[in-house]
Amino acid sequence: ATTYGYMMAAYGRARQWEKIDALFCEMTDIGLKSLGSTFNVVIGAYGKGGLWTKMEEALDSMVAAGCTPDTFTFNTMIDAYGKGSQFRSMERTFERMRSAGCPGDILTYSSLIHAYRKAGQFEKMEKILDQMQIAGCKPDVTAYSLLIDVYGKRGMLKKMEATLQEMQEAGCKANIVTYTGIMDAYGKAGKYEEMERVWKIMKDLSLQPDYSAYVATISAYGRCGMYDKMETRFHELEEAAKEMRFGGPKLGTAAYNVIIDAYGKGKLIDQMESAFEVMQTTGYRPDVITYSALINAYGKAELLEKMDSTYVMMRVKGVSPNEHTYSALIDGYGKLGMVEKAEAVLDEMLKAGIKMNVVAYTSIINAYGSAKRFQDMAERFGALKGTGTEPSCETIGVLLTALCSCRLHEEVLALLNCIRSCKGFGV
RNA sequence: UAUCAUUUGAGAUAAAU
């Protein structure tokens with residue numbers, strides 16, 4: 001049964017679900033009894049693949065086979081549902097776990113907190129934190145790092161610092177992940193001195209920064225246009241990478257992506273292009289993020305030919321575009337006043353099997369607004385809303401901006417109706 | 001005999017106002 005477990009785990013990683021099914025049947029055929037861990041493997045594999053029904057079925061057969069799902073089993077399911085944004089099912093599973101008398105452990109609570117962070121449900125996260133305390137479950141480094149990251153990302157820097165303090169008082173040592181979360185928070189809050197202070201503390205503790213730590217600081221400097229500091233840190237990374245045990249080609253690509261995006265956002269097209277050149281001559285392969293960043297920069301700079309040729313190059317190299325790529329293209333065409341072309345890209349995105357998302361949707365609406373086609377804008381908004389994608393604050397911002405430059409009575413009414421149809425704007 | 005080896009948790013880079 002253990003052998004079968006190994007095989008099923010391997011097939012799960014390779015996303016070959018039919019093979020798992022086949023092995024499972026084979027076990028029954030030869031009269032080999034599954035262990036609890038066998039079911040856990042199957043549940044975990046289906047969960048990672050988002051095959052929710054299959055996962056639930058595996059749980060049912062586990063019970064039918066006389067194995068009792070334990071904390072491990074439920075943790076696997078809870079985490080899978082959280083990562084797949086199936087929050088209702090996740091909560092249901094947590095309930096089931098409790099009514100089965102299965103105690104939650106630190107992994108259960110960490111997964112739940114992580115899920116609510118992803119969902120942006122801060123209040124629910126705090127509730128889980130309380131429950132965790134009541135259950136007498138003490139946070140470990142991972143849980144503390146997660147909490148520190150959540151507070152940092154919400155700009156609650158005082159709370160973040162207090163949590164670090166609490167962690168250290170509890171005798172829990174901060175690691176590289178903890179410090180990266182803190183530096184990222186300071187960087188995003190524009191507190192570069194604080195960020196450097198943490199960098200120094202980390203070095204003094206002889207914690208070697210890894211790629212994530214470098215990239216967090218490089219991107220902080222890139223975002224605010226401190227290009228000298230950005231380049232300096234990048235060169236430090238190049239030196240440090242020679243000594244790093246885990247420095248694959250993907251990580252080098254990520255570092256170059258940051259530089260390319262920083263120059264692109266700063267409209268320094270020449271610098272951006274030379275970074276792209278160096279990246280390739282150094283042997284790092286551009287990925288979907290690289291191309292999306294380039295396309296975005298060319299679109300914003302209204303360099304139509306370069307935007308188009310980058311997209312072609314990407315396809316030639318066999319890199320598949322994702323929602324970021326398509327949204328950047330849609331926005332680029334919109335900014336260039338090419339609404340029909342933007343619509344064509346949206347079609348292509350849907351044909352490629354990528355789901356409609358609020359950014360692509362807002363970009364399209366914005367394209368009509370920039371072209372002063374307000375009636376079309378309202379119509380398009382209605383159609384998009386019908387597809388089930390909820391508008392965001394940014395969408396409403398686009399509608400409001402358009403409303404301000406509206407002259408005709410009917411157009412004003414049409415746009416007002418759009419805004420009124422949004423949650424919280426009914427008045 | 002020992003060691004290692006199957007299943008669950010944390011951080012960084014790309015899109016819209």
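Worth knowing before you read on, the calculation uses all heavy atoms, side chains too, and leaves out hydrogens, waters and symmetry mates. Residue numbering restarts at 1 for every chain, and letters A, B, ... go by the order of the sequence lines.
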Residue that, paired with S219(A), satisfies side chain to side chain contact (heavy atoms under 4.5 Å, CB included) out of D261(A), N257(A), V258(A), I259(A): V258(A)
Return the nearest nucleotide to the side chain of A213(A); candidates are G11(B), A14(B), A10(B). G11(B)
Distance test, side-chain N/O of H114(A) to OP1/OP2 of U8(B), below 4.0 Å: no
Check the distance between U17(B)'s P and I396(A)'s CD1 and give it to me in whole angstrom. 15 Å
Under 4.0 Å, counting only non-hydrogen atoms across every strand here, what does L146(A) touch: a base, just sugar-phosphate, or nothing? sugar-phosphate
Just how far, in rounded Å, is C1' of U6(B) from CD1 of I20(A)? 12 Å
With heavy atoms under 4.0 Å as the rule, sort S110(A) into base, sugar-phosphate or nothing. base
Tell me whether the OP1 or OP2 atom of A16(B) has a side-chain N or O from N366(A) closer than 4.0 Å. no
Using the ring centroid of each side chain, check whether F24(A) and F39(A) are separated by less than 6.0 Å. yes
Return the value, rounded to whole Å, for the distance between atom CG of D140(A) and atom P of G11(B). 14 Å
Residue R13(A), side-chain heavy atoms: nucleotide from U6(B), U17(B), A14(B) that is nearest: U6(B)
Give the rounded distance in Å between these two atoms: OH of Y361(A) and P of A15(B). 21 Å
Distance-only donor-acceptor test, D210(A) side-chain atoms vs A12(B) base atoms, 3.5 Å: no
Atom CZ of R223(A) to atom P of A15(B): distance rounded to whole Å? 11 Å
